[in-house]
Amino acid sequence: MNDVIDTLVGIAPGSKLDAIRAQRSEARKHAQASYVSLFEPRDRGGVTADERQAVAAFVAGLHGEPRTNAFYAAKLPAGLSAAVAAAVAAAGSNGPYGRFPKGPLSAEDAPGPTWKVSEAGRKALGPRLAAAFEHTHMLVFHPRDAAPPSLQRLLDAGWSTTDIVTLSQLVSFLAYQIRVVAGLRVLAGSQT
Amino acid sequence: MSDKTLTPPPHTEPVVFTRDMLDWLPWLEPMAEQDMTERHLASLVDASRVKSPYFRLLARDPDVLEARTRTDKDIFYNPEAGLPRAERELAAAATSRLNGCIYCASVHARFAATYSKRVDDVQRLLDEGVGAKLDERWDAIVAASVALTALPIAFGPQHVDRLRAVGLDDAAIADLIGAASFFNWANRLMLSLGEPATQG
């Protein structure tokens, strides 16, 4: 398939940015391989395709970068569109926030909310995805607040340890991919 | 049998950003070395990483780990053109400082200090945070990393202009975007799957 970052940035073959990305051909190839291994995996393990796309659409919605948001929204199963849109609308925030370990850094604490899925959202998403969305919100906006109880809530909702690794990679990869797209689009628009 | 979170053994939690070597203690069970197949071992890329609980945990999804690692290595280690290694590491350290990843910041502050030989400036970034005044070039790199890390993402043409004004060409700016963005990936894994510990 086409390189997702190139497509979303709008990098044409032979353009200046195409040449610049070609100088980091391994990073380009393996950023794409990361995408494929998360969204078209050889082995889906315990995380369904719908779960992967639902979390991705939620992450992209929270970041608000228009191209990636449209890309992942278009891949969302129709039955989940309304629930994901409602979660994005309810969960938006600024980041990164969170607390530091108690000590000198406490002066820099920027406490903020731990977001919970609404009752209606929980019904629409089901307990497994609802738990994943709550964890995802923390990972996106306030990752330094992470603690074992947030992982325990995923385990309690039926995510295995291996599933959690995949979920964590998926959200964290998107935090990378979306920023690369946003950054390279700015650079592409600043060509002299 | 359902999985459980791990309770790390007694340890001292670092409470400041530091260039010291730290340990990392997982909150979920890494793979046992004897349970790892050839595919799992290959996903580590560097065989020595089998000693790392972080990489043995991520090896549970080997295809993603291998792709992540090969992305990482090219962004930071590829010596061809672009941003000097010291400043790729500076972008990683600044991103980690803002997100609050004490472990990641320690590793990449050490690298930034080693490659730039500007130990005091790197330490001031750790001590004072991303608002520390370093010099025009480093301040522009830190500010761009911060703008890429913030949500909503605040990176704009003014950052590109400022980076060009301090001597970065477009290949160097693309490297900066890669390095800061990559640490938004790495920070989230290190912060959410375990915790740092002081060594010794």
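Here is the naming used below: chain letters follow the sequence lines, and residue numbers restart at 1 for every chain.
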Quiz item: Among Glu108(A), His142(A), Lys102(A), who wins on heavy-atom pairs under 4.5 Å with chain B?
Solution: Glu108(A)
Practice problem: Would you mind telling me which of Gly103(A), Ser34(A), Gly189(A) has the largest number of heavy-atom pairs within less than 4.5 Å of chain B? | Solution: Ser34(A)
Quiz item: Based on non-hydrogen pairs under 4.5 Å, which of Arg88(B), Lys73(B), Glu195(B), Glu29(B) is most in contact with chain A?
Solution: Arg88(B)
Quiz item: For Phe17(B), is it the side chain, the backbone, both or neither that has a heavy atom under 4.5 Å from a heavy atom of chain A?
Solution: both
Quiz item: Between the side chain of Arg56(B) and the main-chain N/O of Pro30(B), is any donor-acceptor distance below 3.5 Å?
Solution: no
Quiz item: Is it the backbone or the side chain of Asp175(B) that comes under 4.5 Å from a heavy atom of chain A, or both, or neither?
Solution: side chain
Quiz prompt | Aromatic Phe100(A) / basic Arg144(A) pairing, under 6.0 angstrom, 45° off normal | solution = yes
Quiz item: Heavy-atom count around Lys116(A) NZ within 6.0 Å, excluding the residue itself: above 12?
Solution: yes
Quiz item: Do Arg60(B) and Thr162(A) have side-chain N/O donor and acceptor atoms under 3.5 Å apart?
Solution: yes
Quiz item: Backbone N or O of Gly158(A) within a donor-acceptor pair of the Arg128(A) side chain at under 3.5 Å?
Solution: yes
Self-check item: Val36(A), part contacting chain B, at a heavy-atom distance under 4.5 Å
Solution: neither
Quiz item: Tell me, side chain or backbone of Pro14(B) under 4.5 Å from chain A's heavy atoms, or both, or neither?
Solution: backbone
Quiz item: Is the charged tip of Arg85(B) near the ring of Tyr77(B): under 6.0 Å from the six-membered ring centre and within 45° of its axis?
Solution: no
Exercise. Name the option with the most non-hydrogen atom pairs under 4.5 Å to chain A; the candidates are Leu6(B), Ile102(B), Thr149(B).
Key: Thr149(B)
Quiz item: Taking the side chain from Arg70(B) and the backbone from His30(A), do they hold a donor-acceptor pair closer than 3.5 Å?
Solution: no
Quiz item: For Val165(A), is it the side chain, the backbone, both or neither that has a heavy atom under 4.5 Å from a heavy atom of chain B?
Solution: side chain
Practice problem: Return yes if some donor-acceptor pair links the side-chain N/O of Asp3(B) with the main-chain N/O of Thr161(A) below 3.5 Å, else return no. | Solution: yes
Quiz item: Quick one: does Gln32(A)'s side chain get under 4.5 Å of Ile5(A)'s, heavy atoms only?
Solution: no
Quiz item: With only heavy atoms counted, which part of Glu80(B) is less than 4.5 Å from chain A, the side chain, the backbone, both or neither?
Solution: both
Self-check item: chain B contacts, top residue of Ile164(A), Asp156(A), Val140(A), Asp163(A) (heavy-atom pairs, under 4.5 Å)
Solution: Val140(A)
Quiz item: Sub-3.5 Å donor-acceptor pair from the side chain of Thr95(B) to the main-chain atoms of Ala91(B), do we have one?
Solution: yes
Quiz item: Taking non-hydrogen atoms and a cut-off under 4.5 angstrom, which of residues 147-154 of chain A neighbour chain B?
Solution: Ala147(A), Pro148(A), Leu151(A), Gln152(A)
Quiz prompt | Donor-acceptor contact below 3.5 Å, side chain Asp3(A) vs main chain Asp6(A) | solution = yes
Quiz item: Does Asp139(B) reach the main-chain N or O of Leu134(B) with its side chain, forming a donor-acceptor pair under 3.5 Å?
Solution: yes
Self-check item: Pro196(B) backbone acceptor or donor facing Asp23(B) side chain under 3.5 Å
Solution: no
Practice problem: Would you mind checking which part of Val16(B) comes under 4.5 Å of any heavy atom in chain A, side chain (CB onward), backbone (N, CA, C, O), both or neither? | Solution: both
Quiz item: Okay, side chain of Asp18(A), backbone of Gly14(A): is any donor-acceptor separation there less than 3.5 Å?
Solution: yes
Practice problem: Mind ranking Ile75(B), Leu189(B), Thr69(B) by heavy-atom pairs under 4.5 Å with chain A and telling me who comes out on top? | Solution: Leu189(B)
Practice problem: Might you confirm whether atom CD of Glu136(B) has over 12 heavy atoms from other residues, nucleotides or ligands at distances under 6.0 Å? | Solution: no
Self-check item: Under 4.5 Å from a heavy atom of chain B, the part of Leu184(A) involved
Solution: both
Quiz item: By number, which residues in residues 166-177 of chain A have some heavy atom less than 4.5 Å away from chain B?
Solution: Thr166(A), Ser168(A), Gln169(A), Ser172(A), Phe173(A), Ala175(A), Tyr176(A)
Quiz prompt | Option from Ile20(A), Val186(A), Leu187(A) for which side chain to side chain contact (heavy atoms under 4.5 Å, CB included) with Ile173(B) holds | solution = Leu187(A)
Quiz prompt | Sidechain-backbone polar pair: Tyr97(A) side chain, Pro113(A) backbone, donor-acceptor under 3.5 Å | solution = yes
Exercise. Quick one: which of Met31(B), Arg97(B), Arg68(B) has the most heavy-atom pairs under 4.5 Å with chain A, could you say?
Key: Arg97(B)
Quiz prompt | Asp170(B) vs Arg164(B) side-chain heavy atoms within contact, under 4.5 Å | solution = yes
Quiz item: Is Tyr54(B) reachable from Trp27(B) through a run of hydrophobic residues whose side-chain heavy atoms are each under 4.5 Å from the next?
Solution: yes
Quiz prompt | Which of Leu193(B), Asp61(B), Leu191(B) touches chain A most, by non-hydrogen pairs under 4.5 Å | solution = Leu191(B)
Quiz prompt | Same apolar cluster: Leu105(A) and Leu125(B), side chain cutoff 4.5 Å | solution = yes
Self-check item: Contacting moiety of Lys29(A), where chain B heavy atoms sit under 4.5 Å
Solution: neither
Quiz prompt | Partners passing ring pair (Phe, Tyr, Trp, His ring centres under 6.0 Å) against Trp115(A) (at least two apart in sequence or in another chain) | solution = Phe58(A), His137(A)
Exercise. Would you indicate whether Arg44(A), at its atom CZ, is surrounded by more than 12 heavy atoms from other residues, nucleotides or ligands within a distance under 6.0 Å?
Key: no
Quiz item: If you count heavy-atom pairs under 4.5 Å with chain A, which of Leu98(B), Leu65(B), Thr7(B) comes out on top?
Solution: Leu98(B)
Quiz item: Quick one: of Ala19(A), Gly98(A), Pro104(A), who has the most non-hydrogen atom pairs under 4.5 Å with chain B?
Solution: Pro104(A)
Self-check item: Part of residues 62-95 of chain A lying next to chain B, heavy-atom separation under 4.5 Å
Solution: His63(A), Ser93(A), Asn94(A), Gly95(A)
